[in-house]
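Report on the following structure.
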Amino acid sequence: MAVTEAPDTPRARRAVPRFSQLLSMGATAGLPLVSFAFILGIWAIVGASGAVKEAIFPAPWSVWSATVEMWQNGTLQKDLGKSLGRAAVGFGIGATLGVSLGLLTGRVALIRTLLNPFLNLLRPIPAIALVPVAIVWFGIGEGSKYFVVSYTVFLTVWFNTHHGMEYVPDTYLRAARSLGATKMREFLTVVLPAAAPHIFAGIRLGVALAFLSLVAAELSGASSGIGFRLQEARQYVRTDRMFSLLIILGILGAVADLVVHAIGKKLVHWEQG
């Protein structure tokens, strides 16, 4: 009996690389799961052994119980909503100002001369150091939280945008000018696309810093939010709640980073080439 070979059609040839891509994507997605399972296993072994007091280093099941407890009494949903809202508003303000000013300082010599030394002086100042000033200026309401988050995001996004705008290769500019491009066309079709990878890198870093500065802003002068709940858990020595909130904060930051990274890959697709 003759053995028939699989037909060598264009559809069959396309199916092989697609299947390989799916396997590669599955392996890439599975590696973090292996890492998390490994860490969780060690954590569970330490918790079950009783080598460390529960009040100091809670076991995974204790952290899960604390998470369920906070969810059932409604505090977790309320805190998540407040923190995400503050992070979103602060990030939006900071990123918008950072990109706008970075475009100016990167291409306009006068503005760069006037502002760059001052902005570079602000960069080493941590967000938590500004919390007392923010409370004096804006009170203990939402304004102080928005200010602290937007300040941190602004400086990071500004620096990356400025760097990308300032170091556009001269060959790109000379080629555009030799073709008769106007200043506006040169900016829109050459300068901005060349700087876009740096801008999105700053925005991606700004997302992570938004959550870091958010906790700093909520640790004092707040009555809700993840940072406030961490402070409350510390006062009552609820390390199980503290671990739960820290894990949730890490998950939120990781998800936000993945979203921004995916958007950046779609919009700045030429960088991948």
Side-chain angles (χ1 to χ4, degrees), residues 23-87 90-91 124-132 145 148-149 152-153 156 204-261:
L23 286 177
S24 177
M25 291 172 60
T28 303
L31 288 176
L33 295 178
V34 172
S35 174
F36 293 144
F38 174 72
I39 298 299
L40 184 61
I42 294 178
W43 184 11
I45 292 171
V46 173
S49 67
V52 184
K53 291 182 179 180
E54 182 77 11
I56 297 176
F57 191 75
W61 42 88
S62 300
V63 174
W64 174 253
S65 298
T67 306
V68 173
E69 177 189 353
M70 290 188 291
W71 181 267
Q72 289 178 343
N73 61 31
T75 58
L76 186 56
Q77 298 94 310
K78 177 185 174 183
D79 292 330
L80 283 175
K82 283 289 186 180
S83 292
L84 288 174
R86 290 164 181 161
F91 172 79
I125 301 176
I128 195 169
L130 286 180
V131 172
K145 283 77 173 172
V148 172
V149 175
T152 308
V153 174
T156 300
R204 186 179 179 186
L205 183 57
V207 169
L209 293 178
F211 285 98
L212 291 175
S213 55
L214 170 70
V215 174
E218 290 180 340
L219 282 175
S220 58
S223 59
S224 61
I226 300 296
F228 165 76
R229 205 60 63 183
L230 278 168
Q231 181 79 348
E232 183 186 63
R234 182 195 64 81
Q235 292 174 350
Y236 292 100
V237 200
R238 289 293 305 270
T239 50
D240 52 350
R241 288 191 174 188
M242 294 169 66
F243 271 62
S244 171
L245 294 168
L246 290 173
I247 292 171
I248 291 171
L249 190 64
I251 293 173
L252 290 177
V255 171
D257 179 75
L258 288 174
V259 170
V260 173
H261 180 58

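Along the sequence shown, residues carry numbers from 1. Heavy atoms only: backbone and side chains are in, while hydrogens, waters and symmetry mates are out.
Between the CD atom of Q77 and the CD atom of Q72 there is a distance of 9.5 Å, given to the nearest 0.5 Å. Interatomic distance, M242 CE to Q231 CD, rounded to the nearest 0.5 Å: 9.0 Å. Between atom CG of residue D257 and atom CG of residue L205 there is a gap of 9.5 Å, rounded to the nearest 0.5 Å. With values rounded to the nearest 0.5 angstrom, R241 atom CZ is found 6.0 Å from T75 atom OG1. Here CG of L80 is found 11.0 Å from OG of S224. Values are rounded to the nearest 0.5 Å. For the atom pair CZ (R229) and NZ (K78), the distance works out to 6.5 Å, reported to the nearest 0.5 Å.
The shortest distance between side-chain heavy atoms of L84 and F211 falls below 4.5 Å. Two residues are said to be in side-chain contact when any heavy atoms from C-beta on lie closer than 4.5 Å; T67 and I247 fail this criterion. Within the 4.5 Å cutoff, no side-chain heavy atoms of L130 are placed close to those of T152. Proximity of V149 to R86: side-chain heavy atoms (C-beta onward) are nowhere separated by under 4.5 Å. With a 4.5 Å cut-off on side-chain heavy atoms, V153 and V207 do not count as touching. A heavy-atom distance below 4.5 Å is not found between the side chains of L214 and I226.
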(request) Let me see the working for M70 and L245 under side chain to side chain contact (heavy atoms under 4.5 Å, CB included), right down to the final yes or no. (result) CA-CA 10 Å; M70 290 188 291; L245 294 168; 4.1 Å; yes
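Of all non-hydrogen atoms in S213 and A127, the two that sit nearest each other are CB-CB, 3.7 Å. Heavy atoms only, all atoms of each residue included: A216 and V131 are closest at O-CG2, 3.6 Å. What you find for S83 and E218 is that their closest heavy atoms are OG-OE2, 3.0 Å. Between V260 and R204, the shortest heavy-atom contact is CG1-CA, 3.9 Å.
Within the 3.5 Å criterion, the main-chain N or O of F57 finds no donor-acceptor partner in the side chain of T239. N73 places a side-chain N or O within donor-acceptor distance of the main-chain N or O of E69, the cut-off being under 3.5 Å. A donor-acceptor pair is defined here as one N or O able to donate and one able to accept, closer than 3.5 Å; no such pair exists between the side chain of S244 and the backbone of D240.
Counting only residues at least two apart or on different chains, the side-chain hydrogen bond (donor to acceptor under 3.5 Å, both in side chains) pairs with a member in residues 42-54 are E54-S62.
Heavy atoms of other residues, nucleotides or ligands lying less than 6.0 angstrom from CG of L212 number more than 12.
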